[in-house]
Enquirer: 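Got a structure for you, questions after.
Values below: every heavy atom of this structure, side chains too, minus hydrogens, waters and symmetry copies.
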Number of protein chains: 2
Amino acid sequence: MKEVKSAFNVSCKNCGLQKVCFPTGLRREDVDRLDDIVDRRSPLKKGQHLFEASDKFSALFAIRAGVIKLYSFTDGGEEIVHGFYLPGDVLGIDALGSKQHQYSAVALDTTSVCTLPFEKFTELTESIPNLNQQMLNAISKEVLDGRMHSELLIRRNADQRVAQFVWNMSERYRNRGYASDEFRLSILHRDVAVYLGLTPETVSRILAKFHAENIVTWKKKEVMIHDMQRLMHIAGVHSSCDSCKATA
Amino acid sequence: MKEVKSAFNVSCKNCGLQKVCFPTGLRREDVDRLDDIVDRRSPLKKGQHLFEASDKFSALFAIRAGVIKLYSFTDGGEEIVHGFYLPGDVLGIDALGSKQHQYSAVALDTTSVCTLPFEKFTELTESIPNLNQQMLNAISKEVLDGRMHSELLIRRNADQRVAQFVWNMSERYRNRGYASDEFRLSILHRDVAVYLGLTPETVSRILAKFHAENIVTWKKKEVMIHDMQRLMHIAGVHSSCDSCKATA
DNA sequence: GCATTAACTTGATTTATATCAAGTAGTTAA
DNA sequence: TTAACTACTTGATATAAATCAAGTTAATGC
């Protein structure tokens, strides 16, 4: 049943993302059982799709490495970016009802994904109680992240949106055990602009300002945060609020 | 086990909302089993809370009659309105993970609610397969509705937002078997403005314009749609798209 | 039923961000 | 390596909606 594990084909129990992914709180033997149903194909190259709108839903996806952009188009043909999924994040929850994807998911960089065939996964949740709770966590997270996005769009001006986006990415990398003040971000400024409901010009101007004021530098996919306090202040993040660790 | 049923205390099998609520697709006997765990208290009066942010989560709520506003505040004390829940809609999914509500839910009018104690509900889903699917539907709906909200905030101007809001409410009433061109809406214009990311002044001006152009009249909680085609056109709703029947 | 408060309306003005434009830098492919 | 394209930058201008202001109407409580 098990395949040979290569570099991109790491089992759950050897995966560094256990603490942010489904294995959280599972017993060792249950992690193995989960591992047995996980399907790990070769990584997606930049620009390849994990799924596209109208594709049939048959599995949940957990990101192992890379970034996935979830997007769609309005009737008028304008792109909408709904979020960026990082290692440990789960994709596909929105299709649980209709069993059909409504959005498209594309890799923004080389991206490894763990595929969890939904039927097998559902069977497992019946005998691994904690796995069910993990699923509920993933569901809530998806809903709450959407609300955070709306909140950002309703109540934040352009400076605050960009600052919050950068800070949020930083927090998410920190939670995953990576450096939070210097990281690679394979997301086009254009995509960020669409996600934040701004134009690329506005994002560019704001990033230029942040750079000039020595708060954040984001050039050539490398983000450097020089002044976390000021960034958080602009973002409107009071206290080191844990519930803000949302998926962008 | 069963209580005496009064006017506001109707069993699932006698409820007109079966087609939009959990009983959808359930066998008769399973509806009865669901009914047995439902807790129906006396209706909430306008202004009363179903739950408040930080309350412990212990049950899902299905609206039977009335309207619930789900809201919170930013760190700066500004209100955020996340949605309005109508009969048949399910509240509480966002708290499944943390078992604690993050938002407050208040009745905007006299509102009856069916309480589904979550533990009992979970037990039932194990023996009623279709109920589990209903739960997945409710989850997806919550996620997709949030995305629709973001899309509205990102890509629509003020006219389109107001038009889409009115049309969406109309569609939701239609799906529930009520008149779609004339209905009572116990939602303050102020709350609509907050939900749409606009000011009350802007909403007022747009409604005045829609009234002058004989498209929609919304006065004193009574909505009348005079020209559905034009409303849909302004809202940017092409075709009678079924997937647009989202919760505002 | 009257007083008080909250909701809504309408107008004048300001402003943040979009749009338009014209460029430079970076990436991709031949 | 160069050509062609895409991403990004920067400036000038336009504009949609916010803000400020002062009213009217409706709802609420005594």
Side-chain angles (χ1 to χ4, degrees), chain A residues 45-48 69 74 76 78-79 81 106 108-110 152-166 184-213 216-223 234 236, chain B residues 45-48 67 69 74 76 78-79 81 106-110 152-166 184-213 216-223 234 236:
Chain A
K45 293 198 192 101
K46 180 176 168 179
Q48 283 189 311
K69 172 178 82 168
T74 62
E78 303 155 300
E79 189 180 351
V81 173
V106 66
L108 299 184
D109 205 347
T110 307
L152 177 107
L153 296 167
I154 291 183
R155 288 294 185 194
R156 305 274 178 211
N157 66 26
D159 282 13
Q160 293 172 316
R161 291 184 202 187
V162 175
Q164 191 167 315
F165 180 83
V166 173
R184 183 184 156 80
L185 240 199
S186 308
I187 304 177
L188 295 180
H189 293 180
R190 199 200 72 86
D191 284 333
V192 174
V194 174
Y195 175 72
L196 296 177
L198 301 170
T199 58
E201 292 95 324
T202 298
V203 170
S204 175
R205 276 183 252 269
I206 289 168
L207 286 177
K209 187 170 65 182
F210 286 177
H211 176 67
E213 293 177 357
V216 165
T217 304
W218 181 357
K219 291 256 162 75
K220 301 233 303 157
K221 310 203 163 174
E222 284 297 325
V223 176
I234 296 169
Chain B
K45 291 197 194 102
K46 180 176 170 178
Q48 284 189 311
V67 201
K69 171 178 82 168
T74 63
E78 303 155 300
E79 188 179 352
V81 174
V106 66
L108 299 184
D109 205 347
T110 306
L152 177 107
L153 295 167
I154 291 183
R155 288 295 185 193
R156 305 275 177 209
N157 67 24
D159 282 14
Q160 293 172 316
R161 291 184 202 187
V162 175
Q164 191 167 315
F165 179 83
V166 173
R184 183 184 156 81
L185 241 198
S186 309
I187 304 177
L188 295 181
H189 294 179
R190 200 199 72 86
D191 284 332
V192 174
V194 174
Y195 174 72
L196 296 177
L198 302 170
T199 57
E201 291 96 322
T202 299
V203 170
S204 176
R205 275 183 253 270
I206 289 167
L207 287 177
K209 186 169 67 182
F210 285 177
H211 176 68
E213 293 177 356
V216 166
T217 303
W218 181 357
K219 290 257 164 75
K220 300 231 306 157
K221 310 203 164 175
E222 284 297 324
V223 175
I234 296 169

Enquirer: So does A/K219 get a side-chain nitrogen or oxygen closer than 4.0 Å to the phosphate oxygens (OP1/OP2) of C/dG26?
Expert: no
Enquirer: If you compare all heavy atoms of A/D191 against all heavy atoms of A/V81, which two are closest, and at what distance to 0.1 Å?
Expert: O-CG2, 4.0 Å
Enquirer: Any side-chain N or O of A/T199 under 4.0 Å from OP1/OP2 of C/dT17?
Expert: no
Enquirer: Could a donor-acceptor pair under 3.5 angstrom be found where the side chain of B/R190 meets the base of C/dT9?
Expert: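 Counting by modelled atom types and ignoring angles, no donor-acceptor contact under 3.5 Å is found here.
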Enquirer: Ion pair present between B/K221 and B/D109, side-chain N to carboxylate O less than 4.0 angstrom?
Expert: no
Enquirer: Would you name the heavy atoms of B/V194 and A/I154 that are closest together and state the gap between them?
Expert: O-CD1, 3.6 Å
Enquirer: For A/L198 and D/dC8, give me the distance from atom CG to atom P, rounded to whole Å.
Expert: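 Going from CG in A/L198 over to P in D/dC8 covers 14 Å.
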Enquirer: For the pair B/W218 and B/F165, name the ring-plane relationship: parallel under 30°, tilted 30 to 60°, perpendicular over 60°.
Expert: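 Taking B/F165 first and then B/W218, their aromatic rings lie parallel (interplane angle under 30°).
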Enquirer: Could you check how far NE2 of A/H189 sits from P of D/dA7, rounded to whole Å?
Expert: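 Taking atom P of D/dA7 as the reference, NE2 of A/H189 is at 12 Å.
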Enquirer: Can you establish whether the number of heavy atoms outside B/H211 located under 6.0 Å from its atom NE2 is more than 12?
Expert: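 Open.
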Enquirer: Between atom CZ in A/R155 and atom P in D/dA18, what is the gap in whole Å?
Expert: 10 Å
Enquirer: Mind checking if A/G197 touches a base, just sugar-phosphate, or nothing, with heavy atoms under 4.0 Å?
Expert: sugar-phosphate
Enquirer: Round to a whole Å and report the spacing from CG of B/L207 to P of C/dT9.
Expert: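 Atom CG in B/L207 sits about 7 Å away from atom P in C/dT9.
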Enquirer: State whether B/T202 places a side-chain N or O below 4.0 Å from either non-bridging phosphate oxygen (OP1 or OP2) of D/dA17.
Expert: no
Enquirer: Given atom NZ of A/K220 and atom C1' of D/dC8, what is their separation to the nearest angstrom?
Expert: 13 Å
Enquirer: Do B/R205 and D/dT19 share a donor-acceptor pair, side chain to base, under 3.5 Å?
Expert: yes
Enquirer: Taking atom C1' of D/dT28 as reference, at what distance in whole Å does atom NZ of B/K46 sit?
Expert: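 So the two atoms are 9 Å apart, to the nearest Å.
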Enquirer: Can you check the B/E222 CD to D/dA26 C1' distance for me, whole Å?
Expert: 15 Å
Enquirer: To the nearest Å, give me how far apart CG (B/D159) and P (D/dA18) are.
Expert: 12 Å
Enquirer: Let's see if you can work this out: which of C/dT9, C/dT17, D/dT10 has an atom nearest to the side-chain heavy atoms of A/A158?
Expert: C/dT17
